[in-house]
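Written out below as structure tokens is the structure these notes cover.
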Amino acid sequence: AITRRVACPDGVHTATNAACCALFPIVDDIQTNLFDGGECGEETHESLRLTFHDAIGFSLSKGAAGGGGADGSMITFADIETNFHANNGIDEIVGEQAPFIAKHNITAGDFIQLAGAVGLSNCPGAPQLEFLFGRPAATAPAPDLTVPEPFDTITDILARFADTGFSPAEVVALLASHTVAAADHVDPSIPGTPFDSTPFTFDTQVFVEVQLRGTLFPGDGPNQGEVQSPLHGEIRLQSDHDLARDSRTACFWQANVNQQAHMASSFKAAMAKLAVLGQDTSTMVDCSEVIPVPPPFTGTATIPAGLSQNDIEQACATAPFPALQVAPGPQTSVAPVPPS
Ligand code: HEM
Ligand SMILES: [Ca+2]
Ligand SMILES: [Mn+2]
């Protein structure tokens, strides 16, 4: 089918819906001035985390009292929500994004999801996320305790997600986010410590490395929500560890290993749901075309150098863990993600 495109007033872009034209200058601005020229670095990681912490302020069982979902309340009511324990550190990216919202004609809810999708496009291997445009301004803060903590039980985590409409398979799909991620506050003595050995690449390494036997704490652990990791310089969340081993989620976890296309497409679908939680999509415009196409990832998953397939703690009862090559070289040690 031929889609009619309209010329944008900037004389440069065309769009399938004229409403999307307003987004191109915002995308250019944040690529240059928020994401340091298009990096999959700290601000990209923090912006992706923020899409989740804003959106998950939602509840099917509690209605409006459970929060407005992906409505920008994390920024509009930052004085309240950034103080919640699970949002520790989110104030940094809230502070960095706020001036862009003030400068451009866009709501905080739209901006948070736009920035998350644009930032992720800088990570090789990532899917091009959907972006629907048209969230109204938030009217109230989300209540406390909507954001899962790394020390929560899998039963509690799955229940919290179920109350926002996500299945266990979708929860695991969303955790692909932790392939481009680091922790600043789980062990404050080692800020920027990644969850996998490739925090600038949206690959399947996190699903491999969380399945390895934990042998060390990278800093002064154990800290609350932290369990042992397999690599120097890498930190492991108790929640990721348990999701990889619990019978309700282990096979979904393992199914991502070295399955780049499956990981990317299931993450994209789950993110499309997350990004519009609590929103009326019938009044929104599909502006996915403004999201840049991410560079591909063409490598394969590996067992980190110095370890072997025997270090995998197989947990899925119905399928063997995929046989992977061991990366060559000396024992892997992971460098921190530099602060911006
Ligand atoms: C069971 C659910 C989850 C738990 C318990 C959890 C917990 C955490 C924790 C404790 C951190 C470290 C924060 C810090 O110390 O700086 C973190 C980082 C991160 N999380 Fe999650 N998370 C969950 C799900 C998600 C989801 C669904 C997304 C996005 C779709 C996400 C995206 C991220 C990202 C990108 C970071 C890295 C931020 C950075 O590098 O600065 N997380 N998460
Ligand atoms: Ca990675
Ligand atoms: Mn960080």
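Whatever order the structure lists ligands and atoms in, that order sets their numbers, starting from 1. When a residue number appears, it is its place in the shown sequence, counting from 1. Just so it is clear, the values below take in all heavy atoms, side chains as well, and ignore hydrogens, waters and symmetry mates.
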Polar contacts were defined as any N/O atom of the residue lying under 3.5 Å from an N/O atom of the ligand; does this apply to [X] and ligand 1?
X      : value
Arg49  : no
Phe195 : no
Glu149 : no

In terms of side-chain heavy atoms, does [X] have a donor or acceptor partner in [Y] at a distance below 3.5 Å?
X      : Y      : result
Asp163 : Ser59  : yes
Asp203 : Thr179 : yes
Ser288 : Gln128 : no

Exercise. Hey, which N, O or S atom on Asp184 ends up closest to the Mn ion (ligand 3)?
Worked result: OD2
Exercise. The Mn ion (ligand 3) is nearest to which N, O or S atom of Glu46?
Worked result: OE2
For this session: Please verify whether a non-hydrogen atom of Gly89 lies at under 4.0 Å from ligand 1.
Result: no
Under 4.0 Å, heavy atoms only, figure out whether ligand 1 is touched by the backbone of [X], its side chain, both or neither.
X      : answer
Ile157 : side chain
Leu237 : side chain
Ser239 : side chain

Problem set entry | Angular separation of Asp203 OD1 and Thr198 OG1 about the Ca ion (ligand 2), given to 10° | 70°
Exercise. The Ca ion (ligand 2) as vertex, arms to OD2 of Asp196 and OG1 of Thr179: angle to 10°?
Worked result: 80°
For this session: Please could you name the atoms of ligand 1 that Val186 approaches to less than 4.0 Å, counting only its heavy atoms?
Result: 10 (C), 15 (O)
